[in-house]
Structure formats: C-alpha cells, structure tokens
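When reading the values below, keep in mind they use all heavy atoms of this one structure, side chains included, and skip hydrogens, waters and symmetry mates.
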Amino acid sequence: MRFITLIPVALIVTVPALAQDWQTVTVIEDGFRSNYPGDPTVESISYETEFRLSLPGRVYRAADALGRYSTTVVDYRDAQRLHDERSANCLKANGANQQDGDTCQNDFVMEVAGAMDHAVAEFLERDGVRITQYGTYFLDMVSGRLLQLTNSDRSRTYVAVHQHAGRLYIQEATVPADMPEPILFLQSLAWVNDQGQAIRYRTLYTEGYADWKFPQPAAPPHSLRDLDVSREQPPRPPRPQ
C-alpha cells in the first residue's frame, strides 16, 4: 500500500485494483473510496444548492481510453447554520408580514431531503440527452438515485447519487457508444470512517432519518387545524354570549 496526497486536507490511500492501471483511492477527509484509472485530479468547487446556498465541494476526476470518470463530493454539514442565519436575518429585516407565512421560511429540512433530486435534475436538463433509466438505488444500504443517459453523440453516461454523513456524492462515468457499463468504477464507491474502514449498514440508510420504520407505529408530534376556518391563524375562542 502506498500513500499519496492530492490535496492538503485529504488523506488519500491507493492500492492496486484488479484491472490494469486502475487503483483504489481512499479519501478519508471526504469519507469515501473509489476505483480510478490512475491518480485522480482534484478540483475545489462551489456548489449551488436548490435553495441557492453556495456550499464547498471537490471533484475527483480521471480518464482513460474507454471513458471519463468523476466523483463529486459536496459538504452539506453547514447547511442548517446557513439556513438558520438566512431566516433570522429575514425576520430581523421585517421580511415577514405575518400574512405571507413562508416569506422567511427556513428551508433547511427541504434542502437536505431534496439534495439528491436536485443533483439529478441537472442531468435531466442537459441538452440532447435521452434518459434510459432513472430510479431509486442503494449501495451498502445507503439509499440513492441511479440514472443512465444516452448523449447526443451516442456516448453513455451513468450516474449514482447518494447522501451520507452530511455529504452529497455524485458518481459519474461517460463511455463511448456500444461500450459496456463501467462497473469497475460505478460499483467501487464505498463509505469510509476516519480510519479508512469501509462502512456497510444493516438497514436502509436515509440521510436525516435514523432507524426509521414504515409505517410509523405512532404519529410524530403534530398539531391540528381546520383549514375551512383559518389557514394561518389559530382558532379563535368562542365569543361571549
């Protein structure tokens, strides 16, 4: 096993993979491992979320004669603080008029819940592509989305999107027409702890929901209201007779 450092903040460990010139790269700082044809290059990016946050991320890229491969990792762990600050600043500036209840709405929960679908949407909006598969997916019991596209030049793009431990992962490979699926890359993605050990869950892992059950044995804490009486205000007490 040999150690290389591609970026100062990430410990990356590489070991030979079965295919010639391919190797397994473990990035402890970003919590994953994957196979690449050679050492991937690393680019720091700013990722725009569905609710217009700018979050830090990194893209790991590699290529060979048969295709292009990348793993994008976006750090969502600061999203709640950013949404809390945005909502508080809106309220402080009198952004809510008490009649338009979502003016200063805190969208943190929806930001996290929709992060994978937001990532998939960017692929669906590409010009000249035909979607040949789109559905739910899981890897080591971490839930995700699986997407396959045929591009205008008949090349094929394969995408797996996951969320794990506060990060968004986009595993993407594009290969020429009539080439087989890049299984060595796509199925090599795995989650690692801070010692580089691979993580596999026993039950389905969904970001933000631990040990969830379906259907829920009891309703979560909630309130009730009559929408025919009021949409925004609590029911008024009865008028004195």
Mind jotting down which residue pairs meet the side-chain hydrogen bond (donor to acceptor under 3.5 Å, both in side chains) criterion with at least one end in residues 120-129? Sequence neighbours excluded, please.
-> Arg126-Glu172
Apart from Met110 itself, what residues make up its hydrophobic cluster when side-chain heavy atoms of I, L, V, M, F, W and Y under 4.5 Å apart count as a link, directly or indirectly?
-> Phe51
Please answer: with hydrophobic residues joined when any side-chain heavy atoms are less than 4.5 Å apart, are Val74 and Leu189 in the same cluster?
-> no
Those residues at least two apart in sequence (or on a different chain) that pass salt bridge (Lys or Arg N to Asp or Glu O under 4.0 Å) with Glu48 are none
Mind checking what makes salt bridge (Lys or Arg N to Asp or Glu O under 4.0 Å) contact with Arg130, not counting sequence neighbours?
-> none
Relative to the ring of Phe32, is the ring of Tyr60 parallel (under 30°), tilted (30 to 60°) or perpendicular (over 60°)?
-> perpendicular
Not counting sequence neighbours, which residues clear ring pair (Phe, Tyr, Trp, His ring centres under 6.0 Å) with Tyr134? List them please.
-> none
Are Val159 and Tyr47 grouped together when hydrophobic residues (ILVMFWY) are joined by side-chain heavy atoms under 4.5 angstrom apart?
-> yes
In plain terms, say whether Arg81 and Asp84 are close enough for a salt bridge, that is, a side-chain N and a carboxylate O under 4.0 Å apart.
-> no
Pairing of Arg154 and Asp178 as salt bridge, 4.0 angstrom limit | yes
Mind checking whether His162 and Tyr137 have parallel, tilted or perpendicular rings, split at 30° and 60°?
-> tilted
For Glu111, enumerate each residue passing the salt bridge (Lys or Arg N to Asp or Glu O under 4.0 Å) test, keeping only those at least two apart in sequence or located in another chain.
-> none
Is it the case that one hydrophobic cluster holds both Phe185 and Leu147, taking links as side-chain heavy atoms less than 4.5 Å apart, direct or via other members?
-> no
Heavy-atom side-chain contact between Thr24 and Arg33 under 4.5 Å = yes
ILVMFWY network linking Tyr169 to Met141, side-chain heavy atoms under 4.5 angstrom = yes
Is any NZ, NE, NH1 or NH2 atom of the basic residue among Arg61 and Glu43 found under 4.0 Å from an Asp or Glu carboxylate oxygen of the other?
-> yes
